[in-house]
*Asks:* 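Below you'll find the structure I mean.
No experiment lies behind these values; they were computed from the predicted model shown.
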Amino acid sequence: MLASPLELEERFTGDTLDPDVWFPYYLPHWSSRARSAATYSLRDGELRLSVPVDQPLWCADLHDEPLRVSCIQSGSFAGPLGSTVGQQPFRDGLQVREEQPTAWGYTPLYGRIEVRMRGVVTARSMFAFWMSGIEDRPEHSGEICVAEVFGDAVRGGSADVGIGLHRFRDPALVEEFSAGPLAIDVTEFHTYGVDWRPGSLAFTVDGEVVRHLDQAPDYPMQLMIGVFDFPAKAAADDVAVPVPQLVVSHARGQRLT
């Protein structure tokens with residue numbers, strides 16, 4: 001396949017996120033906009049996501065592990081108030097708590113997708129770029145994890161980077177995900193990408209293929225870019241709450257023909 005002109009070329013040059021592309025909340029239908037709103041700024045052509053000390057817990061009464069998150073999505077879908085229909089349910093029987101408008105900002109079907117980013121995380125935090133099925137049907141729920149980095153897997157000059165495919169409720173997929181060491185400094189900018197074609201996924205870091213899978217979702221997916229904090233993992237002798245950060249310089253999507 002050859003690459004065609006860009007479908008998405010996000011350089012974060014404005015003062016605010018483009019509402020026609022980005023939804024700056026993390027799955028607010030299971031929680032609320034107040035508790036899922038991303039803390040972010042746009043400065044010098046960069047998106048800066050962070051989880052400050054006063055960021056509320058995302059879904060404190062239902063999520064097993066306390067979680068605080070700043071994440072942007074390029075799509076959002078859920079049913080009406082009280083419905084069990086919604087993207088990325090994390091347990092059985094969840095009901096929509098706050099109705100949200102449907103948003104299809106950038107939801108490609110196949111293509112070359114990449115994000116250039118750097119993160120600062122500790123043993124209690126992580127950052128990630130993944131693509132999630134839009135879940136207009138429950139089986140359209142597979143996830144392409146392009147890069148997932150936990151702070152406790154970061155070492156001097158290397159890090160374990162989670163890459164692969166989660167099947168979730170898609171019976172056509174096989175779970176195929178792992179985190180292996182890469183000789184990169186994740187506090188510096190790197191470009192994490194995937195060439196997503198019918199029946200195959202080729203994952204890249206700085207243009208070099210680091211993993212290949214012989215399967216792929218066959219429905220539209222949305223981009224998810226976020227940084228997470230897990231308060232339960234705090235060390236007993238912590239005297240201050242660290243602020244994890246994720247800085248993104250571009251997000252790019254290109255159709256393959």
Side-chain angles (χ1 to χ4, degrees), residues 1-10 17-30 36 38 47 71-80 83-90 94 96 99-115 117 128-148 162-177 192-204 211-226 248 250-257:
M1 291 186 179
L2 299 176
S4 64
L6 295 175
E7 293 184 315
L8 175 70
E9 175 72 357
E10 177 61 84
L17 287 168
D18 183 350
D20 291 330
V21 177
W22 302 110
F23 186 69
Y25 304 92
Y26 179 66
L27 309 176
H29 46 281
W30 304 133
S36 64
L47 166 67
C71 180
I72 64 171
Q73 311 175 182
S74 66
S76 179
F77 173 74
S83 168
T84 58
V85 174
Q87 293 176 337
Q88 302 178 48
F90 56 90
L94 283 176
V96 173
E99 201 162 332
Q100 303 294 328
T102 297
W104 303 134
Y106 175 60
T107 55
L109 174 58
Y110 307 126
R112 180 171 296 149
I113 320 295
E114 67 177 40
V115 166
M117 60 185 182
F129 160 45
W130 73 103
M131 297 171 62
S132 180
I134 64 173
E135 296 197 52
D136 54 333
R137 294 161 51 183
E139 62 269 28
H140 290 173
S141 56
E143 178 181 303
I144 300 171
C145 184
V146 184
E148 177 184 271
I163 296 171
L165 185 67
H166 293 300
R167 70 181 297 268
F168 291 117
R169 295 180 289 168
D170 185 344
L173 299 176
V174 176
E175 182 77 10
E176 203 167 358
F177 173 85
Y192 304 88
V194 62
D195 273 25
W196 170 29
R197 308 166 188 260
S200 74
L201 297 166
F203 296 91
T204 61
R211 190 171 189 189
H212 185 277
L213 302 182
D214 292 322
Q215 60 170 331
D218 61 358
Y219 39 81
M221 308 193 87
Q222 65 194 43
L223 276 59
M224 311 279 290
I225 306 170
V248 184
H250 78 243
R252 179 177 294 146
Q254 193 169 17
R255 184 179 296 276
L256 299 172
T257 58

*Asks:* Please report the interatomic distance CG(D218) to CD(Q215), rounded to the nearest 0.5 Å.
*Replies:*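 Result: 11.0 Å between the selected atoms.
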
*Asks:* Between the side chain of Q87 and the main-chain N/O of L27, is any donor-acceptor distance below 3.5 Å?
*Replies:*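 Side chain of Q87 to backbone of L27: no pair is present.
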
*Asks:* Only counting residues at least two apart or in another chain, list the ones meeting salt bridge (Lys or Arg N to Asp or Glu O under 4.0 Å) with R211.
*Replies:*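 Applying salt bridge (Lys or Arg N to Asp or Glu O under 4.0 Å) to R211 gives none.
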
*Asks:* Going by heavy atoms in the side chains, are F177 and E148 under 4.5 Å from each other?
*Replies:*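 Of all side-chain heavy-atom pairs linking E148 with F177, at least one is under 4.5 Å.
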
*Asks:* For M224 and Q88, run side chain to side chain contact (heavy atoms under 4.5 Å, CB included): C-alpha distance rounded to whole Å, both residues' side-chain angles, the deciding distance at 0.1 Å, then the answer.
*Replies:* CA-CA 12 Å; M224 311 279 290; Q88 302 178 48; 3.4 Å; yes

*Asks:* Can you list everything that forms a ring pair (Phe, Tyr, Trp, His ring centres under 6.0 Å) with H250? Sequence neighbours excluded, please.
*Replies:*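 Here no residue qualifies.
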
*Asks:* Write down the atom of H212, the atom of A202, and the distance for their closest heavy-atom approach.
*Replies:*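 In terms of heavy atoms, the two residues are closest at CD2-CB, 4.0 Å.
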
*Asks:* Report yes if some heavy atom in the side chain of L109 is under 4.5 Å from a heavy atom in the side chain of W196; otherwise report no.
*Replies:*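 With C-beta onward as the side chain, the pair touches.
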
*Asks:* Flag the pair L256 / Y110 as yes when at least one side-chain heavy-atom distance between them is below 4.5 Å, and no otherwise.
*Replies:*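 The answer is no; the side chains never approach within 4.5 Å.
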
*Asks:* Over 60° means perpendicular and under 30° means parallel, so tell me whether W104 and F77 are parallel, tilted or perpendicular.
*Replies:*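 Judged by the thresholds at 30° and 60°, the geometry between W104 and F77 is parallel.
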
*Asks:* Side chain to side chain contact (heavy atoms under 4.5 Å, CB included) for I72 and L47? Distances and angles first, verdict last.
*Replies:* CA-CA 10 Å; I72 64 171; L47 166 67; 3.5 Å; yes

*Asks:* Could you tell me whether a side-chain N or O of E7 sits under 3.5 Å from a main-chain N or O of P108, the two making a donor and an acceptor?
*Replies:*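 The answer is no, because no donor-acceptor pair under 3.5 Å joins these two groups.
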
*Asks:* Any side-chain heavy-atom pair from L8 and V21 closer than 4.5 angstrom?
*Replies:*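 L8 reaches V21 side chain to side chain.
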
*Asks:* When rounded to the nearest 0.5 angstrom, what is the spacing between CG in D195 and CD in Q254?
*Replies:*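 Here the interatomic distance stands at 9.0 Å.
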
*Asks:* Measuring only between side-chain heavy atoms, which start at C-beta, is F23 closer than 4.5 Å to L17?
*Replies:*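 Answer no - side chains too far apart.
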
*Asks:* Please round to the nearest 0.5 Å and tell me the distance separating atom OH of Y25 and atom SG of C71.
*Replies:*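 One finds 13.0 Å between OH of Y25 and SG of C71.
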
*Asks:* Could you give me the CA-CA distance, side-chain angles and deciding distance for E175 and R167, then say whether salt bridge (Lys or Arg N to Asp or Glu O under 4.0 Å) is met?
*Replies:* CA-CA 5 Å; E175 182 77 10; R167 70 181 297 268; over 6 Å; no

*Asks:* Out of curiosity, M131 CE to L165 CG, how far, rounded to the nearest 0.5 Å?
*Replies:*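 Output value for this atom pair is 11.0 Å.
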
*Asks:* Might you point out which heavy atoms bring Q222 and S76 nearest each other, and give the distance in Å?
*Replies:*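 Where Q222 meets S76 most closely, the heavy atoms are OE1-N, 3.8 Å.
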
*Asks:* Given side chain to side chain contact (heavy atoms under 4.5 Å, CB included), test Y26 with Q73 step by step and report yes or no.
*Replies:* CA-CA 7 Å; Y26 179 66; Q73 311 175 182; 4.2 Å; yes

*Asks:* Does Y219 use its side chain to pair, donor to acceptor, with the backbone of G142 at less than 3.5 Å?
*Replies:*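 Yes, Y219 side chain to G142 backbone: donor-acceptor pair under 3.5 Å.
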
*Asks:* Are any of the side-chain heavy atoms of E10 and W22 separated by less than 4.5 Å?
*Replies:*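 With C-beta onward as the side chain, the pair touches.
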
*Asks:* Please determine whether side chain to side chain contact (heavy atoms under 4.5 Å, CB included) holds for the pair T204 and E114, giving the CA-CA distance in whole Å, both sets of side-chain angles, and the decisive distance to 0.1 Å.
*Replies:* CA-CA 9 Å; T204 61; E114 67 177 40; 5.9 Å; no

*Asks:* Would you check if the side chain of S74 reaches a backbone N or O of L223 as a donor-acceptor pair within less than 3.5 Å?
*Replies:*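 Yes.
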
*Asks:* Could you go through the salt bridge (Lys or Arg N to Asp or Glu O under 4.0 Å) check for E9 and R252 one step at a time?
*Replies:* CA-CA 5 Å; E9 175 72 357; R252 179 177 294 146; 2.8 Å; yes

*Asks:* Report yes if the side chains of I163 and Y192 come closer than 4.5 Å at any heavy-atom pair, otherwise no.
*Replies:*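 No, every pair of side-chain atoms sits at 4.5 Å or beyond.
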
*Asks:* Is there side-chain contact between H29 and S83, with heavy atoms separated by less than 4.5 Å?
*Replies:*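 Not touching, per the 4.5 Å side-chain cut-off.
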
*Asks:* If I take atom OG from residue S132 and atom NE2 from residue H140, how far apart are they, to the nearest 0.5 angstrom?
*Replies:*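 Between atom OG of S132 and atom NE2 of H140 there are 12.0 Å.
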
